[in-house]
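Here's the structure, in structure tokens; my notes come after.
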Amino acid sequence: MSSSSIEYQKKELPLKIQKIGLGLFIAGLIIVILGYMVNPDRSAYNNIIAFTFLTSIAVGSLFFVAIEFLSGAVWSTPFRRVGEFLSALIIVLPLLFIPLLFNVDKVFHWTHPEPADKILIGKAPYLNVTFFIVRIVVFFLLWLLFYYLITRNSRKQDLSKDSGLTSRNVKISAVFMPVFAITITFTAIDWLMSLEPHWFSTIFGIYYFSGTVLAALAAATIFIILLDKKGFFVKGIHTDSYYSLGALLFAFTNFWAYIAFSQFLLIWYANLPEETFWFLARWDGGWKYASIGLIIIQFLVPYMGLLSQPSKMNPKRLLIMSGVLLFAHYYDLYWLVMPNYEKGSVPFGWIELGFPILIAGLVITVFYYKSKNENLVPIGDPKLKRGIDFRL
Amino acid sequence: MMSEKILYSLNAIFDTPDEISHAAEKIAEKGYKKFDVHTPYPVHGMDDAMRLAPSKLGYVALIFGLSGTLGALLSLWWVSAIDYPIVIGGKPLFSFPAYIPVMFEVTVLSASIATVLAMLFVFFKFPNNSHPLHGTGYMKKVSSDKYGISIQADDPKFNEEEIRKLFESLHASEIDLIFWDNEELNHKNKILEPKFLLFLLAAAVITSGTAYFSLNKLMFMVPFNWMMEQQKQNAQQKSLIFDDGFGMRQPVAGTVARGYMPYEFKGQPDLAGEKLVNPVPISKESLKIGQQKYDTFCSPCHGYHAEGDSRLRGQYPNPPTLHSDKVRKWSDGRIFAVLTDGQNIMPSYSTQLTVDEKWAVINYVRALQRALNAKESDLQ
């Protein structure tokens with residue numbers, strides 16, 4: 001059982017990866033800056049998509065790391081570091097939300113309500129620029145704090161092999177759970193729901209959460225499969241572990257559909273104008289096809305693709321489905337945000353491409369630096385051996 | 001008799017889960033097909049070690065799940081759009097979103113029930129009461145703290161000597177033979193014997209016959225249900241008497257409900273103004289009722305003070321003030337005609353207000369009018 005019996009030879013990612021990451025980042029940055037110069041409004045909306053997307057991956061990954069500690073899971077220990085590296089993206093989140101803080105009045109209608117608009121005046125104690133900025137800064141600091149606490153203990157364990165660090169992380173994770181629930185809910189309300197401040201949906205926080213979990217899981221799965229192919233993990237990843245990843249992806253695909261449909265069904269049934277207009281805007285003109293596309297890409301395709309048992313064990317299939325789901329989350333956020341920019345038709349052009357490229361570059365670069373400085377396998381973790389030998 | 005026992009299998013007992021996994025792997029490697037492993041709890045990785053093909057149970061779930069989805073959809077469509085079409089909540093007769101929760105539940109229900117039943121009765125052949133391993137010492141051990149493996153004698157590669165050697169090389173702690181229980185093997189199912197079936201039939205005929213005879217003939221009492229079973233037309237039954245087939249009839253033309261007075265002046269507001277007299281006296285109570293009804297039904301358009309200061313913000317043509325000279329000079333009966341018949345785009349309020357309430361509202365409108373044009377004497 002002792003973890004010292006595991007032989008781990010640290011392998012470094014090829015330098016090429018760093019170049020690709022930096023290249024994408026710079027290319028994306030140039031497009032984004034150009035976009036902000038040409039059409040600041042449209043860029044600001046895209047900026048929101050990008051920020052919430054990166055938050056999904058970064059904070060969602062930390063959520064999975066915390067869940068592993070909290071539930072005492074062993075199967076995910078050999079590749080837990082992937083989640084830890086991805087949650088390091090929390091550090092770069094300000095890069096995406098600070099430009100927005102200078103543009104709040106461009107995208108958020110509640111920053112300048114008409115005096116006759118009693119609803120917005122009533123919501124002003126919550127929806128005002130100062131409190132808004134305070135909230136995001138506090139959330140960010142909380143995420144950073146928990147990222148720091150959890151990964152520091154995990155890193156220390158590589159050397160000390162002290163199992164007490166694991167139990168300390170269990171406690172930190174327990175505190176992180178409610179913090180995560182509250183911050184993610186309010187992030188969804190602040191950055192996505194308040195784009196249409198007259199509209200409300202009590203399930204909206206969970207809706208964003210379901211996408212968050214899917215995106216984080218899909219991103220981690222992609223990295224795990226690619227790294228495993230090149231032999232970065234001790235003894236490789238067994239199909240039973242892939243099966244568990246696939247089952248989680250499948251479960252959360254269903255969860256997303258369940259939540260999305262619950263939100264739709266109640267509004268459709270009650271048929272109240274103050275709620276339905278939000279869906280009608282997404283059924284107007286070209287948005288109709290975008291809405292149908294969302295159902296296909298975020299539910300039908302991954303559902304069919306991951307339904308059978310062998311498909312969850314097949315890394316190739318998993319890789320494709322994770323790619324689809326990661327794309328679907330970006331698509332989902334686009335579907336939430338962009339109808340506020342343009343009604344009736346779906347805006348798509350080069351401005352929309354800047355942020356995805358930038359994010360891809362960011363993710364690769366951050367991952368590269370983390371894996372350069374840290375072990376990809378938590379060699380001091382007492383659960384590691386059992387994780388490697390994990391069979392269903 | 002004893003010597004003719006038929007061999008069922010050769011069994012070995014192991015002490016640790018690692019040994020049993022290893023043994024299962026080796027035996028599968030040697031090409032044995034008809035063998036099984038028994039452990040007190042599920043051992044991780046055993047399916048792989050035994051080289052079991054993936055279970056077919058998933059297909060059962062898939063087929064029954066899909067038929068649940070489809071069955072629910074078809075039955076909902078048939079019931080609510082074809083057989084008994086009723087508009088609910090203003091939705092179309094075939095409203096797919098409303099069906100999704102039901103389809104989902106039925107899918108889960110039929111898939112899970114079918115999976116459990118198929119697993120028990122098709123895959124496990126439950127209740128397999130005469131399995132030769134039942135009641136053996138081997139079974140006792142593997143269901144408490146040992147791990148056992150049993151290779152069946154009808155495996156094409158079965159060879160007692162060879163397997164014994166194999167088990168020994170794998171460090172089995174015990175090896176023994178299991179035989180079919182002759183008694184159970186030759187034991188025919190007594191349930192299907194003709195004598196027994198005949199007996200069953202006779203018993204059924206006799207009990208049901210005596211029960212019928214005693215309850216319906218010997219002790220029969222005419223049930224007291226004359227009130228219930230009348231020869232009458234029930235609601236929604238098809239009528240054989242009337243040509244149009246409706247069981248429920250419209251009242252005879254000209255019927256007047258109790259407490260209801262028909263309005264004689266439809267379309268003749270001026271005549272109403274001349275003939276109708278306000279029967280409701282001006283009192284604190286009637287003004288109170290009038291105010292409450294006015295604020296509820298009239299004020300959204302005419303405003304709380306009847307000045308036409310509507311709260312509709314232009315979503316409806318602005319209604320006139322009720323302080324105009326015209327309305328002030330009108331008799332109560334003339335206003336009554338407006339409330340009863342409606343006037344141009346103002347609808348009738350007969351469904352919201354009773355006759356007395358209408359008069360009370362008119363009294364209140366009068367009070368409002370007087371408040372705006374108070375005379376010197378009113379102040380005293």
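Keep in mind that what you see is a predicted model, and the values were worked out from it rather than measured. Chain A is the first sequence line, chain B the second, and so forth, proteins listed ahead of strands; every chain is numbered from 1.
Partners of A:Trp335 under the side-chain hydrogen bond (donor to acceptor under 3.5 Å, both in side chains) rule, at least two apart in sequence or in another chain, are A:Ser291.
Taking the six-membered ring where tryptophan is involved, the planes of A:His198 and A:His109 are tilted, since the angle between them lies from 30° to 60°. Between A:Phe255 and A:Phe252, the ring planes lie perpendicular to each other; the angle is over 60°, past the 30° to 60° tilted range.
Contacts between residues 9-17 of chain B and chain A, counted as heavy-atom pairs separated by less than 4.5 Å, involve no residue at all. Against chain A, the residues from residues 38-45 of chain B that qualify, each with a non-hydrogen atom under 4.5 angstrom away, are B:His44, B:Gly45 in number order. Using a 4.5 Å heavy-atom cut-off against chain A, the contacting residues of residues 84-103 of chain B are B:Lys91, B:Ser95, B:Pro97, B:Ala98, B:Ile100, B:Pro101.
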Quiz item: Step by step, would you call A:Asp332 with A:Tyr207 a side-chain hydrogen bond (donor to acceptor under 3.5 Å, both in side chains)?
Solution: CA-CA 10 Å; A:Asp332 184 14; A:Tyr207 180 82; 2.7 Å; yes

Practice problem: Quick one: do A:Phe233 and A:Ile224 satisfy side chain to side chain contact (heavy atoms under 4.5 Å, CB included)? Show the steps, please. | Solution: CA-CA 9 Å; A:Phe233 295 106; A:Ile224 292 164; 4.3 Å; yes

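Side-chain contact of A:Ser76 with A:Glu68: a donor-acceptor pair under 3.5 Å is present, judged by distance alone. A donor-acceptor contact under 3.5 angstrom links the side chains of A:Tyr242 and A:Asp228, judged on distance only.
What you find for B:Asp309 and B:Gly303 is that their closest heavy atoms are OD1-CA, 3.0 Å. Nearest heavy atom pair, residue A:Arg317 against residue A:Gly305, reads NH1-O, 2.9 Å.
Neither the backbone nor the side chain of A:Phe390 comes within contact range of chain B; no heavy atoms are under 4.5 Å apart. Neither the backbone nor the side chain of B:Asp47 comes within less than 4.5 Å of any heavy atom of chain A.
Side-chain atoms of B:Ser67 come within 3.5 Å of backbone N or O of B:Ile63 as a donor-acceptor pair.
Salt bridge B:Glu25/B:Arg51: absent, no basic N to carboxylate O contact under 4.0 Å. For A:Asp284 and A:Lys288, the salt-bridge test fails: no basic side-chain N is under 4.0 Å from an acidic carboxylate O.
More than 12 heavy atoms of other shown residues, nucleotides or ligands fall within 6.0 angstrom of atom OH in B:Tyr316.
Relative to the ring axis of B:Tyr304, B:Arg311 places its NZ or CZ within 45° and under 6.0 Å from the centre.
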